[in-house]
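First up is the structure itself, then whatever we jot down about it.
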Amino acid sequence: MKLFVCWVLTYVVCLAVVKKMWSGRYMRSHLSRSLYMNMLSHNQAPYWEGSHQLLNMDSLSSHFIEVPQFLWYLCDTEKLSDDLQTIFVQSYLDHGTQTFLNRSIEKSGWLSIQLYHSFMSSVFSMFMSRTSINGLLGRGSMFVFSPEQFQRLLKIGPDWKSHRLLDLGAGDGEVTKVMSPHFEEIYVTEMSQTMIWQLQKKKYRVLNIDEWQRTGFQYDVISCLNLLDRCHQPVTLLKEMRSVLEPTRGRVVLALVLPFHPYVENGGKWEKPAEVMDVNGTVWEEQVNSLAAVFQDAGFVVEAFTRLPYLCEGDMYNDYYVLDDAVFVLRPV
Ligand SMILES: C[S@@+](CC[C@H](N)C(=O)[O-])C[C@H]1O[C@@H](n2cnc3c(N)ncnc32)[C@H](O)[C@@H]1O
Ligand SMILES: *[C@@H]1O[C@H](CO)[C@@H](O)[C@H](O)[C@H]1NC(C)=O
Ligand SMILES: *[C@@H]1O[C@H](CO)[C@@H](O)[C@H](O)[C@H]1NC(C)=O
């Protein structure tokens, strides 16, 4: 028992020292990046952990170069195919996004809670996936779009209402919450049991991952946000979405992290998916071009799309995390 208390105390002191060094910007220099990355591999959002284990350091470090915020939204439309150039929607860092960032910065500064999270994750990580730990601790919420950004993308007003929303891979439901005011019935799916608890707490109707295809319902909007690169059968999933979408007015809202690195989290381990999605090109715009072809093969045409930062709440070491999202509105053909 004494030994355990000693261990906990040492751990807390070490983390406190690290936090102090960090907030003193001691480690933001490029020289210290390797040390910083080593720590990140233990305390971070699910996406980063997967990348850390499966990508080489060179391609990873490109994610770490701090990108000025205005670049989060920029698209070089000249690199887009002709069909896509006219339907690009320009987004901005709006009030809703700034509120999330402010809140995240504030939370990552609460030392005692961050220490508690950090300690609990290192214990649970022995037998649980990062996603499930976040679900259990209720931390690491994500942000894709503000209500205004969602409405602009779908070309709807704040009072627009529809019947059924299906949010696939809804995580803790924080992103679902942005879309939910527009729908009477909200269905969600999740793989992780702790995330399912979070979703039930928010009163969403949780469907099994092999059940939503066969309920006999048609959905007015299906959202599939940051899921295609984290599931085993993305091509099948696209076709299944097409088959349960309302065939004329129905729309799919689909977000994907680029550059495209598909890996599936399986009980703390990371695997290659069973199905390969045909995404090529190196820069954001090129990958978007090739995605349009993938969607077409599944029976969709891109109606609008935008570039947004995919934000995740921070931890001891970072105020927040940012990934590069492409968000599409797909219409069935
Ligand atoms: C990166 S998170 C995205 C969460 C949320 N949609 C967002 O955009 O922030 C991906 C989620 O999909 C879940 N997931 C993975 N495979 C799934 C599947 N086949 N069906 C439903 N959910 C799945 C994971 O448990 C994880 O919570
Ligand atoms: C975010 O924080 C900054 C600096 O503290 C403040 O100026 C700004 O008004 C805040 N914005 C929102 C939307 O809360
Ligand atoms: C990507 O794939 C498409 C068709 O699958 C092909 O036309 C195009 O040349 C490819 N681009 C690159 C950069 O490989």
Side-chain angles (χ1 to χ4, degrees), residues 44-51 69 92-107 109 128-136 139-146 148-150 165-180 186-199 202 204 206-213 222-238 240-241 252-257 261-268 270-271 273-275 308-313 319-328:
Q44 64 200 179
Y47 261 105
W48 299 82
E49 186 180 43
S51 307
Q69 292 182 340
Y92 305 91
L93 205 171
D94 65 357
H95 188 268
T97 312
Q98 189 62 55
T99 305
F100 179 88
L101 290 176
N102 281 11
R103 178 89 188 131
S104 185
I105 293 166
E106 190 194 335
K107 271 192 179 173
M128 264 169 114
S129 76
R130 182 69 43 185
T131 303
S132 298
I133 295 170
N134 284 349
L136 190 68
R139 69 151 198 189
S141 283
M142 316 294 275
F143 182 94
V144 180
F145 36 52
S146 66
E148 293 76 23
Q149 287 165 345
F150 176 70
L165 169 71
L166 172 64
D167 191 12
L168 299 171
D172 65 0
E174 283 301 311
V175 182
T176 322
K177 220 195 255 173
V178 174
M179 304 183 280
S180 62
I186 295 141
Y187 299 84
V188 293
T189 68
E190 237 317 311
M191 192 84 134
S192 148
Q193 186 55 48
T194 59
M195 290 299 185
I196 291 178
W197 294 334
Q198 297 280 347
L199 291 165
K202 294 190 166 83
Y204 298 133
V206 182
L207 298 177
N208 222 305
I209 56 170
D210 51 13
E211 179 189 20
W212 60 273
Q213 304 89 334
I222 301 179
S223 51
C224 174
L225 306 175
N226 306 299
L227 171 63
L228 282 189
D229 56 350
R230 288 291 176 267
C231 68
H232 267 297
Q233 297 182 295
V235 181
T236 308
L237 192 79
L238 277 170
E240 287 172 341
M241 286 195 275
V252 168
V253 180
L254 193 144
L256 200 54
V257 174
H261 290 304
Y263 285 107
V264 183
E265 194 179 19
N266 184 359
W270 292 84
E271 302 171 342
E275 284 179 4
L308 289 171
Y310 181 34
L311 303 168
C312 177
E313 279 181 355
D319 290 339
Y320 50 82
Y321 292 94
V322 190
L323 290 165
D324 206 351
D325 245 351
V327 188
F328 301 87

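One-based numbering, in listed order, for ligands and for the atoms of each. Quantities reported herein were computed from a predicted structural model and do not represent experimental measurements.
- Between Thr131 and ligand 1, not a single N/O pair is under 3.5 Å apart.
- At a 3.5 angstrom cut-off on N or O pairs, Asn226 counts as close to ligand 1.
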Anything under 3.5 Å between an N or O on ligand 2 and a protein N or O? List each pair with its distance, or write none.
from	atom 1	to	atom 2	distance (Å)
ligand 2	2 (O)	Asn102	OD1	3.2
ligand 2	2 (O)	Asn102	ND2	2.4
ligand 2	11 (N)	Asn102	ND2	3.0
ligand 2	14 (O)	Asn102	ND2	3.0

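- Here is the list of ligand 1 atoms found below 4.0 Å of a heavy atom in Met142: 9 (O).
- For ligand 1, the atoms sitting less than 4.0 Å from at least one non-hydrogen atom of Ser192 are 25 (O), numbered in the order shown with element in parentheses.
- In this comparison of Ser129, Gly169, Ser223, the heavy atom closest to atom 22 (N) of ligand 1 sits on Gly169.
- Ranked by closest heavy atom to atom 24 (C) of ligand 1, the top entry among Arg130, His232, Glu190 is Glu190.
- With no hydrogens or angles considered, a side-chain donor-acceptor pair links His232 and Glu271 at under 3.5 Å.
- Here Glu240 contributes atom CD and Cys224 contributes atom SG; the two are 11.0 Å apart, rounded to the nearest 0.5 Å.
- At a 4.0 Å cut-off, not a single heavy atom of Phe143 sits close enough to ligand 1 to count as contact.
- Put simply, the side chain of Ile186 does not reach to within 4.5 Å of the side chain of Asp167, judged on heavy atoms.
- Distance alone, capped at 3.5 Å, places no donor-acceptor pair between the Glu190 side chain and the Leu199 backbone.
- In Arg230, the part holding a heavy atom less than 4.0 Å from any atom of ligand 1 is the backbone.
- In this structure a side-chain-to-backbone donor-acceptor pair under 3.5 Å is missing from Thr189 to Leu207.
- Contacts between Val144 and ligand 1, counted as non-hydrogen atom pairs separated by less than 4.0 Å, involve the side chain only.
- Taking every heavy atom of Thr189 and a limit of under 4.0 angstrom, the matching atoms of ligand 1 come to 21 (C).
- Between Thr176 and Lys202 the shortest side-chain heavy-atom distance does not fall below 4.5 Å.
- Residue Val175 places no N or O, backbone or side chain, under 3.5 Å from any N or O of ligand 1.
- Numbered from 1 in the order shown, with element, the atoms of ligand 1 that lie under 4.0 Å from a heavy atom of Met191 read 14 (N), 15 (C), 17 (C), 22 (N), 23 (C), 25 (O).
- Between the side chains of Asn102 and Glu106, not a single donor N or O lies within less than 3.5 Å of an accepting N or O.
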List the steps, then state whether side-chain contact (heavy atoms from CB on, under 4.5 Å) holds for Tyr204 with Ser180. CA-CA 10 Å; Tyr204 298 133; Ser180 62; 3.9 Å; yes
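- Residue-level proximity to ligand 1 for Leu227 is carried by the side chain, the only part with a heavy atom below 4.0 angstrom.
- Between the side chains of Thr194 and Ser192, at least one donor N or O sits under 3.5 Å from an acceptor N or O.
- Partner Asn226 forms a side chain to side chain contact (heavy atoms under 4.5 Å, CB included) with one of Asp325, Leu256, Val327 and no other, that one being Asp325.
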Show your reasoning for whether side-chain contact (heavy atoms from CB on, under 4.5 Å) applies to Val252 and Leu238. CA-CA 10 Å; Val252 168; Leu238 277 170; 6.0 Å; no
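- In the model, Thr97 has a side-chain atom that pairs as donor or acceptor with a side-chain atom of Asp94 under 3.5 Å.
- Checked by atom type and distance alone, the side chain of Glu313 never pairs as donor or acceptor with a backbone atom of Arg139 at under 3.5 Å.
- Residue Cys231 has no N or O atom closer than 3.5 Å to an N or O atom of ligand 1.
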